[in-house]
J.: 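Handing you a structure now.
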Amino acid sequence: MKTLIAITLTLLLLPATAQATRLPKSIRQHLNRKYYAWKFPLIEQEIHQFLKQRRAHPEFISGDFDGDGLTDYAVFIVYGKPDARKTSVMAFLRRPTGWKTHRLESNLAGDESLPSDGYLVLAKKGTRDYDYQRDRKFTYRHDAIFVGIFGKAGVSYVYRKGRFWQIVTSD
């Protein structure tokens, strides 16, 4: 009986979860205009399993990166012509007139035919972390974007004074 209830609850929550993780249509339209044939990269299955426990998606995240109370997004995409594919991690900050776009990383995925070991995770406001370059602990003032290379390294992008600053938070 408990198993049946758990399965029913899971099935009922799936549509809400799927809806909450979609990118806004206006971001998709922007990507369609600016990034030829964009798509999310193929991500290693091990990363999907790792992030599933955290209810996270390795290709995109949402949070309040600039502390203005509005939902912002970060995406990890592959784009361009088949013989010249590129990758980027971009942040979209919500503004009254649309989105302010910031390119954070390029060419993270490598060969697009192989699964990428790159991924995104939300670093939540108030979370403690470690800055390897400055050799000290710190606390996130706002939500931040963590860009990881699974099992190797990672950096957090923190928005401050009108731009994103890179902090090495994993080695």
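Every value quoted in this text rests on a predicted model; they were computed, and no experiment measured them.
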J.: Check salt bridge (charged side-chain N to carboxylate O under 4.0 Å, His left out) between Arg134 and all other residues, then give those that pass, not counting sequence neighbours.
T.: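 By the salt bridge (charged side-chain N to carboxylate O under 4.0 Å, His left out) rule, Arg134 matches Asp131.
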J.: In chain order, what residues pass the ring-ring contact (aromatic ring centres under 6.0 Å, His included) check against His142, with sequence neighbours excluded?
T.: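 Partners of His142 under the ring-ring contact (aromatic ring centres under 6.0 Å, His included) test: none.
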J.: Test of understanding: clusters of I, L, V, M, F, W, Y form through side-chain heavy atoms closer than 4.5 Å, transitively. Do Phe164 and Ile167 belong to the same one?
T.: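 Unlinked, Phe164 and Ile167 end up in two clusters.
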J.: In the single-linkage hydrophobic clustering (I, L, V, M, F, W, Y; side-chain heavy atoms under 4.5 Å), do Val121 and Val168 co-cluster?
T.: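 Yes.
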J.: Can you list the residues that meet the salt bridge (charged side-chain N to carboxylate O under 4.0 Å, His left out) rule with Arg95, with sequence neighbours excluded?
T.: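 Per chain and number, Arg95 pairs via salt bridge (charged side-chain N to carboxylate O under 4.0 Å, His left out) with Asp66, Asp68.
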J.: Should Leu122 and Ile43 be counted in the same cluster of Ile, Leu, Val, Met, Phe, Trp and Tyr side chains packed under 4.5 Å apart?
T.: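 Yes; tracing contacts between hydrophobic side chains, which count when under 4.5 Å, links both residues.
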J.: For the residue pair Ala144 and Val158, what are the closest heavy atoms and their distance?
T.: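 Here Ala144 and Val158 meet closest at CB-CG2, 4.2 Å.
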J.: Residues two or more places apart in sequence or in another chain: which of them pass ring-ring contact (aromatic ring centres under 6.0 Å, His included) with Phe92?
T.: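 Expected list: His30.
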J.: Do any pairs count as a salt bridge (Lys or Arg N to Asp or Glu O under 4.0 Å) and have a residue in residues 142-159, sequence neighbours left out, and if so which ones?
T.: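 Every salt bridge (Lys or Arg N to Asp or Glu O under 4.0 Å) pair that includes a residue of residues 142-159, provided the two are not neighbours, is Asp117-Lys152.
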J.: Quick one: side chain to side chain donor-acceptor pair (under 3.5 Å) partners of Arg128, sequence neighbours excluded?
T.: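 Partners of Arg128 by the side chain to side chain donor-acceptor pair (under 3.5 Å) criterion, ordered by chain and then number, come out as Thr139.
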J.: Please give me the minimum heavy-atom distance between Lys100 and His102, naming the atom from each residue.
T.: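 Distance-wise, the nearest heavy atoms are CG-NE2, 3.5 Å.
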J.: Any idea which heavy atoms bring Ile47 and Gly118 closest together, and the distance?
T.: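 Looking at all heavy atoms of both residues, the shortest contact is CD1-O, 4.1 Å.
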J.: Who are the side chain to side chain donor-acceptor pair (under 3.5 Å) partners of Thr169, not counting sequence neighbours?
T.: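 Expected list: Ser156.
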J.: For Lys161, which residues count as a salt bridge (charged side-chain N to carboxylate O under 4.0 Å, His left out) partner, sequence neighbours excluded?
T.: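 Salt bridge (charged side-chain N to carboxylate O under 4.0 Å, His left out) list for Lys161, sorted by chain: empty.
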J.: Taking only residues two or more places apart in sequence, or in another chain, which ones meet Ser26 in a side chain to side chain donor-acceptor pair (under 3.5 Å)?
T.: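 Result, side chain to side chain donor-acceptor pair (under 3.5 Å) vs Ser26: Trp99.
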J.: Going by heavy atoms in the side chains, are Tyr159 and Trp165 under 4.5 Å from each other?
T.: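 No - every pair of side-chain heavy atoms lies 4.5 Å or more apart.
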J.: Who are the ring-ring contact (aromatic ring centres under 6.0 Å, His included) partners of Tyr35, not counting sequence neighbours?
T.: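 Tyr35: ring-ring contact (aromatic ring centres under 6.0 Å, His included) contacts with Tyr79.
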J.: Within a strict 4.5 Å, meaning less than it, do heavy atoms of the Leu23 and Phe40 side chains meet?
T.: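 Counting from C-beta outward, Leu23 and Phe40 do come under 4.5 Å.
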J.: Look at the side chain of Asp72 and the backbone N and O of Arg94, then say whether any donor-acceptor pair between them is shorter than 3.5 Å.
T.: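 Confirmed, Asp72 side chain pairs with Arg94 backbone.
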J.: To the nearest 0.5 angstrom, please state how far the OG atom of Ser62 sits from the CD1 atom of Ile145.
T.: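 Here the interatomic distance stands at 10.5 Å.
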J.: Do the side-chain N and O atoms of Glu105 and Tyr157 include a donor-acceptor pair separated by under 3.5 angstrom?
T.: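 Distance-only check passes for Glu105 and Tyr157.
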J.: Go through the structure and list residues passing side chain to side chain donor-acceptor pair (under 3.5 Å) with Arg160, not counting sequence neighbours.
T.: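 Per chain and number, Arg160 pairs via side chain to side chain donor-acceptor pair (under 3.5 Å) with no residue.
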J.: Which residues pass the ring-ring contact (aromatic ring centres under 6.0 Å, His included) test with Tyr132, sequence neighbours left out?
T.: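 For Tyr132, the residues satisfying ring-ring contact (aromatic ring centres under 6.0 Å, His included) (neighbours in sequence not counted) are Tyr130.
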